[in-house]
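Right, one structure below, let's go through it.
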Amino acid sequence: MVRSAIGQDYPSSKFAVHVVADNCTDSTAAVAAAAGAIVHERSEVANPGKGPALNWLVGRLIDRNEPFDAAVFVDADTTLGDRFLLALDERFRHGAVAVQGQYLVRDAFQSASTALRFCSLSSRHHARPLARTAVGGSCGLFGNGMAFTRDIVAERRWTSHLVEDMEFQLQLLLAGVLVEYEPRARLEAEMPTTLSGSVTQHRRWELGRLDIVGRFAPQLARIAMTGRSPDGAKRISRVAAVDGLLDMCVPPMSLLASATVAMAASGATLAVIGPDHGRKGAYVGAGLFAVVCVHVVDSMRSVGAPSEAYRALLHAPRLAAWKVGVLVGSRAGSKSAWIRTQRNAESPAPVTVHA
């Protein structure tokens, strides 16, 4: 990550790479420093997590009067495209205050699991942000490749929420700030090579999303009706509010596909019993499933997916069944624990902290 950041096609005097070694007990700080980063070692065992670490670093830089116009947040398992900063720079020069880059999968075809994640993120991290931006919505934040003006990061703080990026984006939306999507700012991150390796990650996302829906849906619904912020002080786009509300409530693609297949199958079964009992349900279910399939394939086409990606879709039924199981487990799980996703090169034992 540090090498890809320092090697940007961008004037080296115009940016600096800072790394937070957050409660690290390994050689993270030494490796990052050797690669050319400015390393900040944070030891706050009682207050761990990504949100507190980002707040700590931003506060540290502001207290030191570091001169920066914008801050870009990148995960440690990520590589940046050569023109990542150039693309963001252009977006900020045209008035943006919050930007999300195109975040896809590194080494996407080393396993069926990573290939399926590539297919999924081509929709979630590219096609949908393009559409949301086109209709006047906020494209969303995905926790990696996010960029903000100095004022945004100085005035607002991240929390220890399970999906702190989604929460941050919705807080911005309630304040009338839209996140813009910049597909030319490309970055790729490591994904677990097995489905079992990403259980904790998916469970964290679903637990967090359920909590976010409960907290923000009523506020966005009121904005959609009134066109004003919750305190009534600022006008906010109703389109952006409706878009944010729908996006947070839409279930994962695998669940949508499973539901449409189940609808078509149950309708076909009823049609066998009597022509008038299930034929319409079968047609509607099959039609909706076709729409999901077209959306997925068109999203893959939009990112230039190779033939391996389309072959990976043969494993999609297994992924869908697995995801349904994770969702069921998420609803039954605790909302107090945060478990860091195990990296592919690590030993099997994950690191557990509490937020």
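The structure presented is a predicted model; accordingly, all values stated were derived computationally and were not measured.
Under the 3.5 Å distance criterion, the side-chain polar atoms of R279 are left unmatched by any main-chain donor or acceptor of A268. A donor-acceptor pair under 3.5 Å links the side-chain atoms of S237 to the main chain of A240, judged by distance alone. Judged by distance alone, the side chain of N55 and the main-chain N or O of G51 form a donor-acceptor pair under 3.5 Å. Under the 3.5 Å distance criterion, the side-chain polar atoms of K50 are matched with a main-chain donor or acceptor of G143. With hydrogens and angles disregarded, no donor-acceptor distance shorter than 3.5 Å links the side chain of Q169 to the backbone of C139. One N or O on the side chain of S4 and one on the backbone of L80 form a donor-acceptor pair closer than 3.5 Å. At least one donor-acceptor pair closer than 3.5 Å links the side chain of T78 to the backbone N or O of D75. Using modelled atom types, no side-chain atom of E308 and backbone atom of A108 make a donor-acceptor pair closer than 3.5 Å. Checked by atom type and distance alone, the side chain of S258 pairs as donor or acceptor with a backbone atom of S254 at under 3.5 Å. Side-chain N or O atoms of Q8 include one that pairs as donor or acceptor with a backbone N or O of L85 at under 3.5 Å.
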Step by step, work out the side-chain contact (heavy atoms from CB on, under 4.5 Å) result for L313 and C119. CA-CA 8 Å; L313 292 177; C119 299; 4.0 Å; yes

Could you give me the CA-CA distance, side-chain angles and deciding distance for D211 and H161, then say whether side-chain contact (heavy atoms from CB on, under 4.5 Å) is met? CA-CA 9 Å; D211 178 68; H161 197 273; 2.6 Å; yes

Worked check of side chain to side chain donor-acceptor pair (under 3.5 Å) between H126 and S299: CA-CA 7 Å; H126 182 63; S299 298; over 6 Å; no

Run S266 and T269 through side chain to side chain donor-acceptor pair (under 3.5 Å) and show every step you take. CA-CA 5 Å; S266 60; T269 301; over 6 Å; no

Take D231 and S229 through the side chain to side chain donor-acceptor pair (under 3.5 Å) test and state the conclusion after the steps. CA-CA 5 Å; D231 59 6; S229 60; 2.5 Å; yes

Show your reasoning for whether salt bridge (Lys or Arg N to Asp or Glu O under 4.0 Å) applies to R128 and D247. CA-CA 9 Å; R128 285 171 67 175; D247 182 74; 2.7 Å; yes

From CA spacing to verdict: side-chain contact (heavy atoms from CB on, under 4.5 Å), F142, L121: CA-CA 10 Å; F142 307 127; L121 295 191; over 6 Å; no

Please assess R132 against Y181 for the test side-chain contact (heavy atoms from CB on, under 4.5 Å), listing each intermediate value before the final yes or no. CA-CA 9 Å; R132 298 180 70 188; Y181 178 52; over 6 Å; no

CA sep, side-chain torsions, deciding dist, call: T133, E180, side chain to side chain donor-acceptor pair (under 3.5 Å): CA-CA 7 Å; T133 300; E180 299 184 19; over 6 Å; no

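At a threshold of 4.5 Å between non-hydrogen side-chain atoms, the residues F84 and R186 do not count as touching. The closest side-chain heavy-atom distance from L256 to T260 is not below 4.5 Å. Residues F216 and L174 have side chains in contact (heavy-atom distance under 4.5 Å, counting atoms from C-beta outward). The shortest distance between side-chain heavy atoms of V284 and L288 falls below 4.5 Å. Within the 4.5 Å cutoff, side-chain heavy atoms of P252 are placed close to those of R209. Between R238 and I223, the closest side-chain pair of non-hydrogen atoms is not below 4.5 Å. Contact check for H295 versus S123: side-chain heavy atoms found under the 4.5 Å cut-off. Residues R215 and E167 are in side-chain contact: their nearest non-hydrogen atoms beyond the backbone lie under 4.5 Å apart.
A salt bridge between D69 and R150 is absent, with no side-chain N of the basic residue lying under 4.0 Å from a carboxylate O of the acidic one. A salt bridge does not link D63 to R60: none of the charged nitrogens lies less than 4.0 Å from a carboxylate oxygen.
To the nearest 0.5 Å, atom CD of residue E44 and atom CZ of residue R42 are 4.0 Å apart. Expressed to the nearest 0.5 Å, how far CD of E182 lies from CZ of R91 amounts to 4.5 Å. Note that CD of Q102 and OG of S122 are 9.5 Å apart. Values are rounded to the nearest 0.5 Å. With rounding to the nearest 0.5 Å, the separation of CG in D77 from CZ in R106 is 6.5 Å. In this structure, CZ on R222 lies 11.5 Å from CD1 on I236, to the nearest 0.5 angstrom. A distance of 4.0 Å separates CD1 of I38 from NE2 of H18, quoted to the nearest 0.5 Å.
In the hydrophobic clustering of this structure, V20 groups with L54; members are Ile, Leu, Val, Met, Phe, Trp, Tyr whose side-chain heavy atoms approach within less than 4.5 Å, directly or through other members. Residue V153 is grouped with residue L61 when hydrophobic side chains (ILVMFWY) are merged at heavy-atom distances under 4.5 angstrom, including chains of intermediate members. Using a 4.5 Å cut-off between side-chain heavy atoms of Ile, Leu, Val, Met, Phe, Trp and Tyr, with links allowed through other members, L187 and Y10 fall into the same hydrophobic cluster. Note on V99: it does not cluster hydrophobically with F73, by side-chain heavy-atom contacts below 4.5 Å among ILVMFWY residues. Both V213 and L170 belong to a single network of hydrophobic side chains, linked directly or stepwise wherever heavy atoms of I, L, V, M, F, W or Y lie under 4.5 Å apart.
V2 approaches A32 most closely through the heavy-atom pair CG1-O, 4.3 Å. Of all the heavy atoms in F92 and A98, the pair that sits closest is CE2-N, 4.4 Å. For the residue pair T193 and T114, the shortest heavy atom distance occurs at CA-CG2, 3.9 Å. A154 and I62 make their closest contact through CB-CD1, 3.5 Å (heavy atoms, listed as atom of the first residue, atom of the second, distance). Residues P52 and P48 come closest through the heavy atom pair CG-O, 3.5 Å. When every heavy atom of V45 is checked against every heavy atom of N23, the shortest pair comes out as N-OD1, 3.3 Å.
Taking the six-membered ring for Trp and thresholds of 30 and 60 degrees, H125 and Y103 have nearly parallel ring planes, at less than 30 degrees apart. Ring geometry for F148 against F168 counts as perpendicular: the plane angle is over 60°, on a 0 to 90° scale with 30° as the lower cut.
Partners of N65 by side chain to side chain donor-acceptor pair (under 3.5 Å), not counting sequence neighbours: none found.
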